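Have a look at the structure below before the remarks.
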Amino acid sequence: MTALPGEEYWLDQLQDPLAITSTDGVIVFVNRAWRRFCKDNGGDPDSGCVGVNYLEVCGSAPDHPDAAQVATGLRDVLSGAIESFSHEYPCHSATTMRWYNVSLFAFAGAEGRQAIISHRRLTGPTPATADLDHYRGRLEPVTGVANRFHLLERVERALSRGRRQGTGVVVVATNIRNFSALNATYGYRVGDVVLRELAGRLLNVFEDSGVVASMGGDKLMVLLRDVGDTTALQLSLMKISDALCSELNVQGERLRLRASLGVADCFACDTDACTLVGQAEVALRSAPDQPSGGIAYHSSSLQEVISLRTRLTAELNEALRTDQFELYLQPQVDSRTGTLVGAEALLRWNHPVRGLVSPADFIPAVEESGMASAVFAWVLEEACRILKLWRGRLHGAVSLNLSGSQLADADLAAAVIEALQRHNVPAGAVRLEVTEDSLIRDMDAAVTTLRQLAEAGVPTSIDDFGTGYSSLQYLARLPVDEIKIDRAFVQALPGRACDTALVQAMVNMAEAHDLRVVAEGVETDEQAWQVRRMGCSVIQGFLFGRPAPLADFEAAWLND
C-alpha cells in the first residue's frame with residue numbers, strides 16, 4: 001500500500017473520501033471514507049477501486065462534462081502543469097441532488113509525482129431543479145464550504161425566516177488558536193488537509209440545521225438556523241467545540257487543537273446579516289484562550305471592552321512616561337519544603353483615573369500597539385532595580401514574560417545582557433518566560449535568541465506548557481531549562497484518570513530533557529500533593545501566595 005510518506009495510519013481518520021494515485025493515475029491507496037463512498041456509488045467497498053486507473057474511470061463517462069474536466073485536471077496535476085485542481089459537481093437521484101467538490105493535489109511520492117484525490121459533500125439534498133451555477137463563486141477553495149459572500153446571503157435568508165417563524169438565528173465565529181503553529185511544524189499542505197477535516201466535521205454535525213463557511217485562514221463560521229432557545233444553543237456550541245477540539249492524528253502525533261468561539265444571536269430582534277456576522281467576529285476577539293476552547297458572547301459589554309482597549313492603547317506612552325506601571329511578584333516554592341525558590345514578576349497598571357487596570361484589558365493593548373518592546377524594557381529595568389535591592393536575600397530567579405513579537409527581535413538577547421551587566425545583576429537572577437505558541441511562530445528566530453541567552457547564562461522557561469503542541473519535535477531543539485505546566489491542567493486535579501495521565505506525561509517529557517517543572521495555578525493542598533507526587537519540583541499558585549506589590553512580597557517572604 002502506498003500513501004504519503006509515513007502517513008498511512010492517519011489518513012483513515014479523515015472523514016472525507018481520499019485516494020492516492022500512482023504517477024499514471026492508477027489508484028494505489030484509499031482511506032476508509034473512500035471505501036464507503038465507493039459502496040454508496042455501487043462499487044466494491046472491499047477494494048475501493050484500488051488498482052483501477054482513475055483516468056479510465058473518468059473516461060468511461062464521455063457524455064459527462066464534469067468527469068472530462070476532472071480527467072483533464074488529473075492529467076495536468078500528474079504532468080506538473082498545475083499543483084492542484086478543484087471542481088464542483090452535482091450527484092443526481094430521481095428527485096434530489098447533492099453537490100460535491102473534488103480536489104486534486106500533487107505530491108512527490110516514492111515513484112515520482114503522484115496525486116491525492118479527495119471528494120467532499122458540499123450540501124445536503126436540494127431540489128433536483130436547483131442550478132449548480134448558483135453556487136459557483138460562493139465556495140472557499142481550500143475547505144470547499146461557503147465563503148463570506150455566500151454566508152451573508154444565507155444569514156439574510158435565515159433572518160427573514162426567523163422573523164416569520166419567531167425562531168432564533170445564531171452566528172458562531174471560530175478560530176484555531178494554535179493553527180499557525182501547526183502550519184509551521186507540519187507545512188501548509190497538512191494544514192489545508194486539517195482545515196478540510198475540521199470543516200467536514202462541522203458539515204456532518206450541522207448538515208440539516210446550519211451552514212458552515214470559511215472566512216479565510218483558520219477562521220470558520222457556523223450559521224445556526226431555527227434555534228428554539230438558549231438550551232438548544234448551548235447544545236450546538238458544545239457540538240462545535242467537540243468537532244474542532246477532538247483529537248487529530250497528524251503524522252503520527254495526536255494533536256488536540258484549541259478553538260475559540262465568538263457567538264452572536266438574534267432572537268426576535270431586528271438586525272441584518274453584516275451586523276450579525278460582525279458581532280460574532282467582535283465576540284471572537286474577546287474569547288478566552290483555554291485548552292478546552294473558550295467562548296465569548298456578543299453584548300454591549302464586549303463592545304465596551306474593545307473600545308476600552310483602543311483607549312488604553314492611546315494612553316500607553318503616557319503610562320510609561322509618568323511611571324504608572326508597577327511590578328507585582330508571585331512566589332515560587334520548592335514542592336517538598338515550601339521554601340522560596342523564585343518569583344514571577346507580573347505587570348500592573350495604576351491608571352490615574354481608572355485605578356488598577358486589569359492585565360486582561362491592557363496586555364492585549366500593549367501587543368496591538370507595537371509597544372511590547374518598550375514596555376518590556378521598563379519591566380527589565382525595574383526587575384534589575386529590585387534584584388539589586390534584594391541582593392543576597394532572594395534565592396532564585398525573577399521570571400519575566402516575553403511576547404511572541406519580542407522573541408522574534410534579533411536584538412533582544414543583546415538588550416537583556418546589556419541591562420544585566422549595567423546593573424551588575426548576575427545573569428542567572430532573571431529568567432525569561434515564553435509561550436509555546438510564540439516559540440513556534442518563528443522557530444528559527446526563537447532558537448537563535450534562546451541560544452544567545454543560554455550562552456550568556458540567562459535561563460529561559462516555556463510558559464503555559466500543554467496548551468500548544470508539547471512536542472518532542474521542537475522541545476529537543478530549544479535551549480530552555482524549565483517548563484511551566486498551564487494552570488488549566490493543574491486545576492483539573494484531582495480529577496479523571498486521563499487528566500492525571502496528561503500532566504504526568506508532561507512531567508515525564510520534561511524529565512527526559514532534564515528540565516525543571518513548575519506547576520502553575522495550585523490552589524489546594526490536594527493539588528500540591530498531586531503535582532509533588534508526579535515530580536514537579538516547583539509550585540506556583542494562590543495556595544502559597546497571590547501576586548503582591550513589592551513591599552507586601554518582601555514582608556511575607558524576605559524577612560530576615
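Source: prediction; values computed, not measured.
- Arg225 approaches Val211 most closely through the heavy-atom pair NH1-CG2, 3.8 Å.
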| query | Is there a side chain to side chain contact (heavy atoms under 4.5 Å, CB included) between Leu198 and Leu220 once you walk through the steps? | reply | CA-CA 9 Å; Leu198 297 178; Leu220 297 170; 4.2 Å; yes
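- Formation of a donor-acceptor pair under 3.5 Å by the Glu156 side chain with backbone atoms of Ala273 is found in this model.
- One N or O on the side chain of Asp218 and one on the backbone of Ile176 form a donor-acceptor pair closer than 3.5 Å.
- Remark: Arg451 pairs with no residue by the salt bridge (charged side-chain N to carboxylate O under 4.0 Å, His left out) rule, at least two apart or across chains.
- Using a 4.0 Å cut-off between a side-chain N of Lys or Arg and a carboxylate O of Asp or Glu, Arg285 and Glu281 do not qualify as a salt bridge.
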| field | Residue pair Leu257, Val194: steps toward the side chain to side chain contact (heavy atoms under 4.5 Å, CB included) verdict | value | CA-CA 10 Å; Leu257 302 178; Val194 169; 4.0 Å; yes
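- Using a distance-only test at 3.5 Å, with no hydrogens or angles considered, a donor-acceptor pair links the side chain of Gln114 to the main chain of Thr21.
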| So Thr460 and Val434, side chain to side chain contact (heavy atoms under 4.5 Å, CB included) or not? Walk me through it. | CA-CA 8 Å; Thr460 52; Val434 295; 5.8 Å; no
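- When atom types are taken as modelled, the side chain of Arg36 and the backbone of Pro17 share no donor-acceptor pair closer than 3.5 angstrom.
- Under the salt bridge (charged side-chain N to carboxylate O under 4.0 Å, His left out) criterion, Asp76 pairs with no residue, sequence neighbours left out.
- Shortest non-hydrogen contact noted between Val171 and Ala280 is O-CB, 3.6 Å.
- Contact detail for His298 and Ala283: the closest heavy-atom pair is N-CB, 3.7 Å.
- Annotation: salt bridge (charged side-chain N to carboxylate O under 4.0 Å, His left out) contacts of Glu482 (sequence neighbours excluded): Arg431, Arg516.
- Between Val70 and Phe85, the shortest heavy-atom contact is CA-CE2, 3.9 Å.
- Closest non-hydrogen pair, Val145 versus Ala199, comes out as CG1-CB, 3.9 Å.
- Taking all atoms of both residues into account, the shortest heavy-atom contact from Tyr297 to Gln234 is OH-NE2, 3.0 Å.
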